[in-house]
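Report on the following structure.
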2 protein chains.
Amino acid sequence: MLQKSALILESFLPGGGPFRLSELVERTGLAKPTAHRLTADLVRLGWLERSGPYYRLGAKLFELGSLVPGRRDLRETALPFLQDLFEATHETVHLGVREGLEVVYLERIHGHDSPWLPSRIGGSLPLTCTGVGKALLAFSGAELTEEVLSHPLPSLTPYSITDPEQLRTALEKTQVSGLAYEEREAAEDVSCIAAPVFAGGTAVAALSVAVPRARYRPAQLAPAVRTAALGLSRLLRGGV
Amino acid sequence: MLQKSALILESFLPGGGPFRLSELVERTGLAKPTAHRLTADLVRLGWLERSGPYYRLGAKLFELGSLVPGRRDLRETALPFLQDLFEATHETVHLGVREGLEVVYLERIHGHDSPWLPSRIGGSLPLTCTGVGKALLAFSGAELTEEVLSHPLPSLTPYSITDPEQLRTALEKTQVSGLAYEEREAAEDVSCIAAPVFAGGTAVAALSVAVPRARYRPAQLAPAVRTAALGLSRLLRGGV
DNA sequence: CTCGTTGTTCCGTGTCACGGAACAACTTTT
DNA sequence: AAAAGTTGTTCCGTGACACGGAACAACGAG
């Protein structure tokens, strides 16, 4: 019953978009009367909202989700540094953490003319084809790298790195320079520079700037990204 | 069962802080074995997390909450304007919507030296003693104003307006000027200027700048707030 | 009007949620 | 160190209520 409700709510996860009852039945595998009863209960609790025949995630979830302590606190302390970085570059700025073999974005700030990107707050993407992901992966220990390399590498664009050796050398460069680069691997025509954030010796997060290729000037961006990441690391009582 | 799980999760709502099982039993009124079983289930689903004897809200809720469509879309389109406003003022910027007789904050961005404020993303505060709340209230129809005034007015500080007539005239001024002012009503030593955001003729949100009294220069802030609110309104195909 | 699809209600069956009670693991007190 | 609380966990018999097949109702398209 709880499990089935979770099934319903999590069936919204990739896009969140509105679904009809029959679509929910299809994607959860629940029986029709069961889904009907559960959605009614969830609406009553404010976890789902219903307009006409369509169900969407409810406001109560937004409130609960905003309170999740780890995420909220990290975002809160990182925000001023993300603002600095945005102000220095006026490009899309990300903050993400690792969760398993993926990166979850905690914050993404952008201005009026930002390019399309697959990243969404609360959404996850592969570690291997995002700047934030690479920065995290490079500083999360050799075992994790090996585990990631042991699976076939996912790709978001035709340019995503799929060759394990190529990724391995990229990670080694990142370990030396403290910066991760990503070019057109997450979105066509967007490149990205990322840097890890340390607390207590381990990489707890990473932040990045994503730029349309036409405006991509790594020499200008790299110092800004590094500065923001170091400033945040210092505040988290970390240090490399 | 679902209802009881909701009771547990929502018992985290004001602060989100970690709770032990016995505290959860106390604040939900559930029987001890019931709470024990439900928390175990919720942990299994990723909706709660447990470290030692303490329970916290889980990461899955953050992911679900970030997808809630109304909130996500509005935040996303508003963000560039909030950035503009922040860059123009370098003070704490809010975006909020009305929910019942309270304001819920969708976004709050700030820099390094921001003052303490009671507002939190996903959190709610009274309409009557916040800038965003007043801006929303002033443009949400007379019936709502009457309903708010019919209850005793809550206060967050000794300076919060508690006199109905005083509030009424403040709202009338806001209706004329399109700007809501708040001085030390939400936090001691912080003042705030807010403006409503319109879409399709109704106020769907409001944004504000909150400033420590020492730096409070209304003449500079007001145009910036108005500009951001109007720009956002225009994008939402609204217009006053 | 007819027919496919989708949403809702009914209801008998069987499961599993419920919570009192007893037990176990800690923490504090004397 | 023993005793007396406090908190977390397990057991288990009872009974409520979740379950889903089936039948019905409300659409929407042709």
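Excluded from the calculations below are hydrogen atoms, water molecules and symmetry mates; all remaining heavy atoms, backbone and side chain alike, are included. Numbered from 1 within each chain, the chains take letters A, B, ... in sequence-line order.
Spacing between atom CZ of B:Arg50 and atom P of D:dT7 amounts to 15 Å, rounded to whole angstrom units. One interatomic measurement links the two molecules: CD of B:Glu23 to C1' of D:dT6, which rounds to 13 Å at whole-angstrom precision. Between A:His36 atom NE2 and D:dG21 atom C1' there is a gap of 16 Å when expressed in whole angstrom units. If you measure from atom CZ of A:Arg20 to atom P of C:dT5, you get 13 Å, rounded to the nearest angstrom. Summarising the geometry, the separation between CD on B:Glu26 and P on D:dT6 is reported as 12 Å, rounded to the nearest angstrom. Taking atom CG on A:Asp41 and atom P on C:dT8, their separation rounds to 13 Å, with Å as the unit. The OH-C1' distance, from B:Tyr54 to D:dT7, rounds to 11 Å in whole Å. Note: CG (B:Leu38) to C1' (C:dA17) measures 9 Å, nearest angstrom.
Taking 4.0 angstrom as the limit, A:Ser22 places none of its side-chain polar atoms (N or O) nearer than this to OP1 or OP2 of C:dT5.
Nucleic acid contact for B:Lys32: base, since at least one base atom lies under 4.0 Å from a heavy atom of the residue. Within the 4.0 angstrom heavy-atom criterion, base atoms lie near A:Thr34. Among the atoms of the strands shown, base atoms are found under 4.0 Å from some heavy atom of B:Arg37.
In this structure, B:Glu49 contributes its side chain and B:Ala59 its backbone to a donor-acceptor pair below 3.5 Å. A donor-acceptor contact shorter than 3.5 Å links the side chain of A:Ser5 to the backbone of A:Met1.
Of the candidates D:dC19, C:dT6, C:dG19, C:dG19 carries the atom nearest the B:Pro33 side chain, counting heavy atoms from C-beta on. Each of D:dC19, D:dT9, C:dG7 was ranked by its minimum atom distance to the side chain of A:Pro53; first place goes to C:dG7. You'll find that the side chain of A:Leu21 is closest to C:dG7, out of D:dG20, C:dG7, D:dG8.
The minimum heavy-atom distance between A:Ala229 and A:Ala195, with the atom names listed, is CB-CB, 3.7 Å.
In terms of position along DNA chain C, the nucleotide closest to A:Tyr55 lies nearer the 5' end than the nucleotide closest to the other residue of the pair A:Tyr55 and B:Ala31.
In the model, A:Glu76 has a side-chain atom that pairs as donor or acceptor with a side-chain atom of B:His110 under 3.5 Å.
The aromatic ring centroids of A:Phe12 and A:Phe19 lie less than 6.0 Å from each other.
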